[in-house]
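Here is the structure we will look at.
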Amino acid sequence: MTNGLDPALRAGRTWRDWVVDAVLFCVAVFLGMVVLGVVKEQGELPGWAAELDPLLGLVACLALWWRRGFPLAVALIGLPAVALATSALPAGAVIVTNVALRLRWRRALVMLAAYVVCMVPSGLLLSGHAEDLWFDAVFCLAYLLASFAWGHALRSRRLLVQRLRVDAERARAEHERRLADARRGERQAIAREMHDVLAHRISLLSVHAGALAYRTRQAEAGAGPALNSTEVAQSAEVIRGNAHEAVEELQEVLHLLHAEGGGEPVSLLPRIQDIDGLVADARATGQPVDFHTELTADAVHELRSQLHRTVYRVAQEGLTNARKHAPGTPVSVCLTGGPGTGLTVEVRNGLPTSPATADTDTDTGEAIPGTGAGLTGLAERVRLDGGTLDHTAADNTFTLRARLPWPER
């Protein structure tokens, strides 16, 4: 008969519960014997009640062992015992407390009413006279209500503890989820930064090395002049310089990510003014780049460092994609906007003349490798800054355009 047990308070019995149950049983038996002895000395019990009282008291005390798993059944068993036996009063207090503690509210109140109905007139039945009926009724009500209130207090405390434990588990799970999200976000940030840095520098290295290999093969085949020592030295110097800069930029990225996570001031963020260096590097590889900006140094000085980096990465990704997918075509980089109107970064380049020339080096005819995730990562970066990124291919022109918010001063 466990259907009366509140699921919120259902749990297995621990060694501590066994100890508590044993103590309660012993105390109930002892106090029941004391109460029975006092009542017998006063001679207030009729003969039949005096003989039945110890047996009913023992039944009520034994029922306490099953009060955790079967609170409703124990309450029903204890009802006649508590109503007719004075020795069952200590066990009855535990049973009524258990009713308030473990049963649902409706069943608990029904059982409390049943105990009131059975116990209030029991004084008249046991004593055989009505002189002390009001006293017995008040005593029974106080006895039952005090036990029930104590059980309710225990129930409230246990439910509060359970709720606090659930909240603590939920908070711990939420904390772990936030940590996982933070780690995932950090990995994505590192991946974006590594892609932006490596894709740009490695594409420059690929162009220079490919041109050097192509010229060497042409000279060996007698289809072109051989490279002299000065040209070889210049090409090697360009390759070495770009490789050195790639290593330095990787170190800056790692320092940047560490500084952002630790809240330290960051001075290694690429800025809008550094786009001039990107354009110079692209032009050094023979890529025709036209750079136009309407932004003044004073106007962009107050922009957030994160926005500087996003603008720089958009320009970098546009130049890298043009070099990889449409080598040799003219490229234009344009920066426009102002406070309150927003900042627009636009990179335009011509589409390759044929699909066969896309993603190849015009000097070597070899494909330039890439991950294909540059625009996806760039769109996420722009979105995090509150902007939008779109790219279109129309009129034989590929356009990469990012619109970023520029708040008024």
Side-chain angles (χ1 to χ4, degrees), residues 1-40 45 48-119 122 126 139-162 165:
M1 199 168 181
T2 60
N3 55 348
L5 182 61
D6 192 335
L9 299 172
R10 184 177 295 146
R13 187 178 302 190
T14 64
W15 65 268
R16 179 179 175 275
D17 296 333
W18 284 103
V19 172
V20 172
D21 290 347
V23 171
L24 285 177
F25 174 76
C26 294
V27 171
V29 171
F30 175 75
L31 293 180
M33 294 173 62
V34 171
V35 172
L36 180 60
V38 172
V39 173
K40 281 185 175 182
L45 289 178
W48 66 269
E51 295 179 359
L52 190 62
D53 197 303
L55 179 60
L56 292 176
L58 181 60
V59 170
C61 292
L62 290 174
L64 296 181
W65 288 102
W66 291 272
R67 64 187 176 83
R68 297 180 184 273
F70 306 91
L72 184 58
V74 170
L76 293 174
I77 292 173
L79 180 59
V82 175
L84 299 176
T86 56
S87 61
L89 289 178
V94 178
I95 292 174
V96 175
T97 300
N98 189 65
V99 165
L101 172 63
R102 301 186 185 280
L103 290 184
R104 297 180 183 273
W105 266 108
R106 291 183 178 179
R107 293 188 177 183
L109 291 176
V110 169
M111 289 307 305
L112 176 62
Y115 270 76
V116 170
V117 170
C118 292
M119 285 190 65
S122 64
L126 295 176
F139 171 78
C140 291
L141 285 175
Y143 163 82
L144 292 173
L145 292 178
S147 301
F148 194 85
W150 178 247
H152 175 67
L154 291 177
R155 175 189 178 88
S156 299
R157 181 183 178 278
R158 292 191 181 185
L159 291 178
L160 176 61
V161 171
Q162 287 185 357
R165 287 176 179 173

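FYI, side chains are in, hydrogens and waters are out, and symmetry mates aren't considered; it's all heavy atoms of this structure.
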Could you go through residues 21-33 and list every donor-acceptor pair under 3.5 Å that involves a side-chain atom there, pairing it with any protein atom two or more places apart or in another chain?
| unit_1 | atom_1 | unit_2 | atom_2 | d |
| --- | --- | --- | --- | --- |
| Asp21 | OD1 | Arg67 | NH2 | 2.7 |
| Asp21 | OD1 | Arg68 | NE | 3.1 |
| Asp21 | OD1 | Arg68 | NH2 | 3.1 |
| Asp21 | OD2 | Arg13 | NH1 | 3.2 |
| Asp21 | OD2 | Arg68 | NE | 3.0 |

Side-chain donor-acceptor distances from residues 54-63 under 3.5 Å, at least two apart:
none

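Between the side chain of Arg107 and the backbone N or O of Val99, no donor-acceptor pair lies under 3.5 Å. Tyr115 places no side-chain N or O within donor-acceptor distance of the main-chain N or O of Val82, the cut-off being under 3.5 Å.
Within the structure, every pair that satisfies the side chain to side chain donor-acceptor pair (under 3.5 Å) test and touches residues 88-98, not counting sequence neighbours, is listed here: Asn98-Arg102. Identified under the ring-ring contact (aromatic ring centres under 6.0 Å, His included) test for residues 80-102, with sequence neighbours left out: none. Within the structure, ring-ring contact (aromatic ring centres under 6.0 Å, His included) contacts touching residues 71-92 (residues at least two apart or in different chains) do not occur.
Taking both residues in full, the closest heavy atoms of Ala81 and Ala88 are given as O-CB, 3.5 Å, listed atom of the first, atom of the second, then distance. Between Ile95 and Gly78 the shortest heavy-atom distance is CD1-CA, 4.0 Å.
At least one side-chain heavy atom of Phe148 sits under 4.5 Å from a side-chain heavy atom of Leu109.
For Trp105, the ring-ring contact (aromatic ring centres under 6.0 Å, His included) partners are His152, not counting sequence neighbours.
Counting heavy atoms of neighbouring residues, nucleotides and ligands inside a 6.0 Å radius, atom CH2 of Trp65 exceeds 12 of them.
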